[in-house]
Number of protein chains: 2
Amino acid sequence: MPTTCLRLTPQRNIILEELRGTRSHPTADEVYDMVRRRLPHISLGTIYRNLDYLHAQGLIRKLDKIGSQMRFDASMDPHLHICCMECGKVGDLPEDAASVSVRQEAMLDAEKTFQITGHWLEFHGVCSDCRTKGKIG
Amino acid sequence: MPTTCLRLTPQRNIILEELRGTRSHPTADEVYDMVRRRLPHISLGTIYRNLDYLHAQGLIRKLDKIGSQMRFDASMDPHLHICCMECGKVGDLPEDAASVSVRQEAMLDAEKTFQITGHWLEFHGVCSDCRTKGKIG
DNA sequence: TTAAGAACAGGAACTATTCCTATTTTCTGT
DNA sequence: ACAGAAAATAGGAATAGTTCCTGTTCTTAA
C-alpha cells in the first residue's frame with residue numbers, strides 16, 4: 001500500500017491537459033491564463049502548488065533555469081531546450097543536439113528557428129559537508 | 001577614442017578585489033557584506049549596479065542560473081560549475097569535465113568534494129521572429 | 001454518516017532585484 | 001586650475017515572481 005497515491009483533482013487534471021496541449025513551455029501565469037478560461041475561479045496559488053505537485057509526481061518538467069520565471073513542460077521524453085535571448089521564447093532540441101558529431105544534421109531543423117549563440121552547462125550534486133551531515137543526522 | 005573606457009571607481013575596485021579574493025561564488029548580498037567591511041556606507045544598489053558593470057566589461061562572470069539568487073565569479077578562465085542540491089554551495093570543475101572520455105580522471109578530484117547526481121544543459125540563441133525584427137527595425 | 005485529512009480560493013507576505021531622486025564625484029576642454 | 005557636463009553613489013521606494021497563511025470546501029475511509 002503506497003503511502004501517497006496520485007490524486008488528480010479537477011484542477012490538477014485541467015492544468016495537466018492545458019500543459020499537454022501546448023509546446024510553448026509556458027510560465028506559471030501563462031498556465032494561469034490558460035486554465036482560467038475553463039476554471040474562472042482558480043487561484044494562482046493553486047496553479048503553483050499543483051505545478052509543483054505534478055512535477056514531484058514526475059508528470060511534468062519544471063524549467064527553473066530559463067529566464068527570470070519558471071517554465072513548465074509536459075513532454076517528458078528526453079530533449080534539450082533552447083531559449084531566445086531577445087524575447088525569452090523557449091524551443092525544443094533533440095536529445096543528441098549536444099553531440100558535435102551529429103550537430104550538423106540534427107540541429108539543422110532547430111537552427112531554422114533558432115540561431116544558436118551559446119549554451120549553459122552546469123553540474124548538480126551533493127557536497128561533502130551535506131553528505132557528512134546526512135550520515136550523522 | 002573609445003566612447004566607453006573602463007572606469008574603476010573605488011567602489012568598483014573594492015568589489016573586484018573582494019570577488020577576486022574568494023572562490024565561493026558569492027551572491028550579491030554576500031558581496032555586500034564583504035565590501036561593507038571596507039566601505040560601510042556602500043549601498044546594495046551600488047553592489048548590483050557595479051556587479052552588472054563589471055560583468056558587462058568582461059571582468060567577472062555572472063551565474064544567473066544557479067539557485068534562486070545570482071552568483072558572481074571573478075575567475076574568467078574557462079571552467080564549469082557544480083552546485084550542491086542541499087545547501088546551494090557552488091564549486092568549480094575543469095573545462096573538460098563534460099567529456100565522458102576524460103571524466104574518470106578529471107573529475108576524480110571534484111568528486112571528492114561533490115558527488116555528481118545530474119546536470120543541466122541549455123542552449124541560447126535568437127529565434128527567427130527576433131532576427132526578422134532586427135533586420136526590419 | 002461522520003471524522004480526518006487534503007486541496008482550494010483569496011489575498012497577504014516575502015525577497016531578490018530594479019528603479020528613482022537628490023547629492024557627490026569624476027572627467028573633459030579651455 | 002576651473003567650470004560645466006556626465007557618471008556614479010547612497011538611500012530608500014517600487015516591482016514582481018513566488019510562497020505562505022487562513023478559513024472553507026471537497027474527498028476519502030471507516
Side-chain angles (χ1 to χ4, degrees), chain A residues 1-19 25-57 59-73 83 87-88 90, chain B residues 1-19 25-57 59-72 83 88 90:
Chain A
M1 65 179 83
T3 52
T4 59
C5 62
L6 183 66
R7 294 180 65 166
L8 274 189
T9 65
Q11 288 90 341
R12 281 176 191 162
N13 210 24
I14 288 178
I15 290 171
L16 194 53
E17 281 179 17
E18 288 296 325
L19 206 50
H25 310 80
T27 59
D29 56 287
E30 284 165 354
V31 174
Y32 184 40
D33 288 342
M34 289 153 64
V35 171
R36 231 181 339 176
R37 290 190 213 117
R38 297 169 64 183
L39 296 174
H41 293 300
I42 200 168
S43 74
L44 185 55
T46 299
I47 299 290
Y48 273 105
R49 181 164 18 82
N50 286 337
L51 286 170
D52 267 350
Y53 176 88
L54 294 170
H55 173 245
Q57 296 293 325
L59 293 175
I60 65 172
R61 287 191 182 181
K62 186 179 184 177
L63 315 177
D64 59 356
K65 311 273 176 187
I66 289 192
S68 60
Q69 292 181 59
M70 293 177 184
R71 288 176 175 273
F72 299 88
D73 184 357
C83 177
C87 66
V90 177
Chain B
M1 67 177 83
T3 53
T4 58
C5 64
L6 183 65
R7 295 179 64 164
L8 273 190
T9 65
Q11 288 89 341
R12 279 176 193 162
N13 210 24
I14 288 177
I15 289 171
L16 194 52
E17 281 178 17
E18 288 295 325
L19 207 49
H25 311 78
T27 59
D29 56 288
E30 284 166 354
V31 174
Y32 184 40
D33 288 340
M34 289 152 64
V35 171
R36 230 181 339 177
R37 291 189 213 119
R38 297 168 64 183
L39 296 174
H41 294 299
I42 200 168
S43 74
L44 186 55
T46 300
I47 299 289
Y48 273 105
R49 183 165 16 82
N50 286 337
L51 286 170
D52 267 351
Y53 176 88
L54 294 170
H55 173 245
Q57 297 292 325
L59 293 175
I60 65 172
R61 286 190 180 181
K62 186 178 181 176
L63 315 178
D64 58 356
K65 310 274 176 188
I66 289 192
S68 59
Q69 293 182 59
M70 293 177 184
R71 289 176 176 273
F72 300 88
C83 178
V90 177

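Excluded from the calculations below are hydrogen atoms, water molecules and symmetry mates; all remaining heavy atoms, backbone and side chain alike, are included. Proteins get letters first, then strands, A, B, ... in listed order; numbering begins at 1 in each.
Distance B:Q57 CD to D:dA8 C1': 14 Å, rounded to the nearest Å. Nucleotide C:dA6 holds its C1' atom 16 Å from the CG atom of A:D52, rounded to whole Å. Distance B:F72 CZ to C:dA16 P: 13 Å, rounded to the nearest Å. Atom CG in A:L8 sits about 19 Å away from atom P in D:dC26, given to the nearest Å. With rounding to whole Å, B:M70 atom CE is found 7 Å from C:dT17 atom C1'. Distance B:L6 CG to D:dA8 P: 11 Å, rounded to the nearest Å. In this structure, A:R7 atom CZ and D:dT27 atom P are separated by 9 Å, rounded to whole Å.
Applying the 4.0 Å criterion to OP1 and OP2 of C:dT17, one finds that B:Y48 has a side-chain N or O inside that range. Residue A:R49 places no side-chain N or O under 4.0 Å from the OP1 or OP2 atom of C:dA7.
Between A:K62 and A:L54, every side-chain heavy-atom pair lies at or beyond the 4.5 Å cut-off. The shortest side-chain heavy-atom distance between B:Y32 and B:T46 does not fall under the 4.5 Å cut-off.
Sorted by residue number, the members of residues 28-47 of chain A with any non-hydrogen atom under 4.0 Å from DNA chain D read A:L44. Taken residue by residue, residues 10-18 of chain A places heavy atoms nearer than 4.0 Å to DNA chain C at A:Q11, A:R12.
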Show every donor-acceptor pair shorter than 3.5 Å between a side-chain atom in residues 8-15 of chain B and any protein atom, with sequence neighbours excluded, or say none if there are none.
{"from": "B:T9", "atom 1": "OG1", "to": "B:R12", "atom 2": "N", "distance (Å)": "3.2"}
{"from": "B:R12", "atom 1": "NE", "to": "B:N50", "atom 2": "OD1", "distance (Å)": "2.9"}
{"from": "B:R12", "atom 1": "NH1", "to": "B:R7", "atom 2": "O", "distance (Å)": "2.8"}

